[in-house]
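Proteins come first, then strands; the chains are lettered A, B, ... in the order of their sequence lines, and each starts at number 1. All values below were derived from every heavy atom in this structure, side-chain atoms included, with hydrogens, water molecules and symmetry-related copies excluded.
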Amino acid sequence: MVRMFDTLSERLESAFKRLRGRGKLTEDQVNEALKEVRTALLEADVHLNVVREFISRVRERAVGQEVLKSLSPAQQVVKIVHEELVGILGGSAKPLSFSPKPPTVVMIAGLQGSGKTTAAGKLAGWLKRKGKRPILVACDLQRPAAVQQLVLLGEQVGVPVVTRDGMSPVEVAAAGVEEAIRTNRDVVIVDTAGRLHVDEELMQEAADIKRRINPLETLFVADSMTGQDAATVAAAFLERVDFTGTVLTKLDGDARGGAALSIAHISGRPLKFISDGEKLDAFEPFHPDRLASRILGMGDVMTLIEKAEEVYEEEQARELEEKLRTAKFTFDDFLDQMRQIKKMGSLKNLLGLVPGVGAQLRGMEIDENQMTRTEAIICSMTRQERGEPALIKGSRRDRIARGSGTTTSEVNSLLKQFDQARKMMRAMAGGGGMPSMPHGAVKQEQRPKSSAEKRKPRPKPHRPNKKKKKRR
Amino acid sequence: MTIIWILIGIAVLGLLLAGVALAGRRGAVEAPKAPPKAGPAAPPPPVVEAPPEPWPGVEIPEAPPVGIPETPPVAEAPRWRDRLSRARQSFGANLTGIFNRGSLTEEDWEDIEALLLQADVGVVATQRMIADLRERSKKETDPEAVVQTLHAELVAILGDGDRSLARNEGGLTIWLVTGVNGTGKTTTIGKLAGRLAREGKSVVLAAADTFRAAADAQLETWASRSGAEVVKHAAGADPAAVAFDGVRAAKARGSDFLIVDTAGRLHTKTSLMEELAKIRRVVEREAGPPHEVLLVLDATTGQNGIAQARAFTEAAGVTGIALTKLDGTAKGGIVIACQQELGLPVKLVGLGEGIEDLAPFDPHAFVDALLD
Ligand SMILES: Nc1nc2c(ncn2[C@@H]2O[C@H](COP(=O)(O)OP(=O)(O)OP(=O)(O)O)[C@@H](O)[C@H]2O)c(=O)[nH]1
Ligand SMILES: Nc1nc2c(ncn2[C@@H]2O[C@H](COP(=O)(O)OP(=O)(O)OP(=O)(O)O)[C@@H](O)[C@H]2O)c(=O)[nH]1
Ligand SMILES: [Mg+2]
Ligand SMILES: [Mg+2]
């Protein structure tokens with residue numbers, strides 16, 4: 001039931017395996033591959049109608065042309081799918097336009113709880129770091145303590161916040177723009193109340209605010225966990241406030257974010273920013289190619305590298321390398337690594353990011369519980385046993401099982417797996433470089449090369465407490 | 001070069017764990033297919049070297065909980081239906097419309113599939129349901145009957161278990177409210193407090209969200225609407241300590257209810273999920289397991305909802321779902337998978353931002369709306 005490793009690349013891989021050695025691909029065969037794409041997109045929460053249109057677009061491009069002529073069909077299909085996705089998501093759109101005659105007015109709108117106020121605060125901080133002089137305006141007079149929330153966020157990023165009592169949201173917005181002009185601020189960010197797209201009164205209010213302050217940018221803030229409804233909501237917001245771009249929030253979770261594709265497709269507006277954390281600096285311009293990989297469930301090594309950098313100290317990583325290389329890997333190291341990796345997020349997600357691994361684990365389930373159980377088993381070993389697993393024989397195994405609340409057969413299989421893993425490492429170390437995984441791992445070239453090449457070296461995201469593992 | 005080794009490390013670790021998981025599962029009995037009243041999933045054994053601590057939540061007494069008397073579902077259901085149909089009039093296809101065309105064509109089946117997919121029921125659950133329905137409708141010629149079968153099937157999946165919130169009659173009842181960011185936890189608590197106040201109960205709210213800007217002020221505003229008391233600490237304080245003080249305060253005052261608000265947290269953040277587990281443990285140590293642990297799920301949530309439900313159940317022993325924002329056009333189909341896979345019943349629905357906009361979950365109204 002739980003199918004954690006059904007990523008698109010591995011599905012395509014198996015679809016094409018069946019087709020291999022049968023000459024050129026027919027239209028039917030392309031359709032076969034696109035069936036997998038369809039499922040992947042649906043599971044990523046892309047709206048059904050968007051999926052249908054998307055598929056037929058890809059089919060049009062693929063059949064007869066590139067795929068049929070290509071020597072590497074899987075690569076071609078993934079490449080086309082990926083390129084189309086990147087195109088829809090915003091291609092090379094600018095994150096934000098600025099008015100030649102300041103102040104630039106930015107209005108924020110969206111459903112309740114999508115992350116508008118947080119995004120407003122983050123955007124203010126981001127602009128400030130870019131050398132701008134932003135100001136925030138608190139127009140949410142509806143939600144309890146919304147004004148106070150924005151005031152606190154403003155304090156945290158060091159940006160003034162305009163608040164007014166006894167005025168309507170439209171008037172507060174206008175007062176905010178006036179205040180910006182008076183105090184010589186060059187960007188005005190107007191936070192508005194969350195509203196449902198079917199709430200006529202509130203949608204009218206949003207339209208009124210927009211008309212009154214005439215923003216250059218209207219940002220639609222959407223939660224990356226949103227399902228099929230994203231398309232309906234985006235269509236309604238587009239109609240009433242004609243937004244110019246989307247901010248996708250809560251990307252620090254494990255949602256695939258297909259809602260973004262629905263929104264971009266329906267609205268024709270680019271994604272402009274992503275928000276991926278509760279901390280105020282977790283905000284950056286949007287990179288279409290990364291999200292495309294994420295929606296498709298393809299490995300995204302960039303993300304992985306960043307995650308790893310967050311928790312592994314340089315030296316630690318080198319030590320690990322040494323141990324893996326020489327296969328002097330003990331249960332202690334294993335435990336260590338397991339804990340380290342836990343900090344990076346769920347193992348399932350991490351594995352999803354490692355190119356090629358998904359395919360091997362196809363059909364298997366990793367319960368995150370398993371990590372806890374394995375940890376429990378290792379914790380029940382003595383120091384000596386952890387360093388020298390060969391010592392662990394019959395009665396010791398029973399003891400460990402009892403101590404860890406697991407069964408002897410679980411202990412047995414851990415020992416066996418561990419042994420195999422060590423052998424595998426030895427084999428890898430012999431080969432050098434990035435070894436190919438055993439058993440039909442996905443070949444590297446399945447990642448669309450073009451996008452990897454196109455990807456500009458990007459500045460490191462600002463993450464001040466990179467290594468501090470404080471909560472939040 | 002180093003990153004490559006980290007990659008290998010992760011891969012090896014993954015393989016290892018998958019191998020163990022597989023081996024561990026082989027002999028094991030298949031988990032029951034989510035009986036309606038199944039409790040939280042079996043816990044992982046504790047990692048501690050100390051004697052194992054019993055999993056919190058399993059002990060929750062099965063004593064029949066008493067419903068919320070002031071709000072008979074009969075009175076609420078029509079209102080819910082009203083709201084839903086008002087919001088949905090202009091959206092979505094109508095299933096009965098599909099079938100009225102006569103006999104069932106391949107296209108009709110695709111339409112039904114589309115309906116379920118667009119309600120966020122999910123690819124797997126949808127395909128399973130469609131296959132089932134096709135099998136059962138083989139001999140059926142009356143399209144109307146097929147609709148009824150699907151309707152009945154969905155209602156049956158959701159189950160007819162007890163959906164009232166468990167109480168500790170005559171003593172202190174504790175409800176813990178959890179969920180990812182921005183789903184409506186604080187608002188739902190405000191509504192619950194309002195409802196309890198109307199029953200004449202005394203309520204304490206613990207502001208254990210010490211992270212989010214102005215979270216306590218938001219809760220205080222809600223509390224002032226119902227006359228509930230708020231226990232809070234300074235911003236950034238240990239949330240478990242707030243919960244602890246909440247329990248103490250509620251006991252000292254002889255209050256009927258304690259509702260603990262927690263910060264929104266993404267289920268993928270291990271340390272935050274640990275923090276939540278700790279809040280639960282502290283409450284449990286002081287006053288026994290919470291009578292309800294609610295997961296607040298936003299109806300607009302897509303397939304990620306099931307991962308949320310799984311992780312929160314694991315960390316805090318969720319006992320029921322509050323499905324919020326059903327006053328929009330989202331249908332909340334993911335709760336079907338939550339019920340099927342995790343045995344988690346929906347207990348409440350949120351229908352707006354007002355204090356009255358909370359209703360007991362009505363599977364019939366829900367399925368009506370889903371198929372509408
Ligand atoms: N993990 C995570 N949490 C976020 C992110 N963006 C916002 N949040 C959290 O989501 C919750 C809701 O954020 P708000 O900014 O208050 O949302 P809003 O859209 O202004 O809400 P309303 O004004 O009530 O409609 C808060 O708990 C935020 O901390 C993000 O990128 N990642
Ligand atoms: N339309 C509608 N809005 C709701 C409902 N429930 C909550 N909201 C709104 O959703 C937004 C977020 O609600 P909160 O109660 O702050 O959510 P939360 O889960 O406490 O958020 P965090 O503590 O930041 O994680 C607010 O604007 C609420 O008014 C509902 O049932 N319908
Ligand atoms: Mg807000
Ligand atoms: Mg809250």
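Of the listed residues (B/I334, B/N304, B/T301), the greatest number of heavy-atom pairs within a distance under 4.5 Å of chain A belongs to B/N304. Contact tally against chain B (heavy-atom pairs below 4.5 Å) for A/K416, A/Q156, A/Q148: the top residue is A/Q148.
Side-chain atoms of B/T300 and A/M225, non-hydrogen and from C-beta on, never get closer than 4.5 Å to each other. At least one side-chain heavy atom of B/D327 sits under 4.5 Å from a side-chain heavy atom of A/L196. Between B/E220 and A/P144 the shortest side-chain heavy-atom distance does not fall below 4.5 Å. With a 4.5 Å cut-off on side-chain heavy atoms, B/T329 and A/V198 count as touching. In this structure, A/Q112 and B/T187 have side chains that are not in contact, with every pair of non-hydrogen atoms separated by 4.5 Å or more.
Of the possible polar contacts, one joining the B/D120 side chain to the A/Q228 backbone as a donor-acceptor pair under 3.5 Å is found.
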- request: Start with the C-alpha gap between A/E278 and B/L272, add the side-chain angles, then the distance that decides, and say whether side-chain contact (heavy atoms from CB on, under 4.5 Å) holds.
  value: CA-CA 12 Å; A/E278 292 180 72; B/L272 295 179; 4.1 Å; yes
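In this structure, the portion of B/Q308 lying under 4.5 Å from any heavy atom of chain A is its side chain and not its backbone. Contacts between A/L111 and chain B at a heavy-atom distance below 4.5 Å involve the side chain alone, from C-beta outward. Interface residue A/R52: only side-chain heavy atoms are found under 4.5 Å from chain B.
When only modelled atom types and interatomic distance are considered, B/Q218 and A/Q149 share no side-chain donor-acceptor pair under 3.5 Å.
Across all non-hydrogen atoms, the minimal contact from B/N181 to A/K250 is O-NZ, 2.8 Å. A/D45 approaches B/Q303 most closely through the heavy-atom pair OD1-N, 2.9 Å. Across every non-hydrogen atom of B/A114 and A/L48, the tightest pair is CB-CD2, 3.3 Å. Closest non-hydrogen pair, A/L153 versus B/A213, comes out as CD2-CB, 4.2 Å.
Legend: residues meeting salt bridge (charged side-chain N to carboxylate O under 4.0 Å, His left out) with B/K191, ordered by chain and number and at least two apart, are absent. A/D229 meets the salt bridge (charged side-chain N to carboxylate O under 4.0 Å, His left out) test with no other residue; sequence neighbours excluded.
To the nearest 0.5 Å, atom NZ of residue B/K269 and atom CG of residue A/D254 are 11.0 Å apart.
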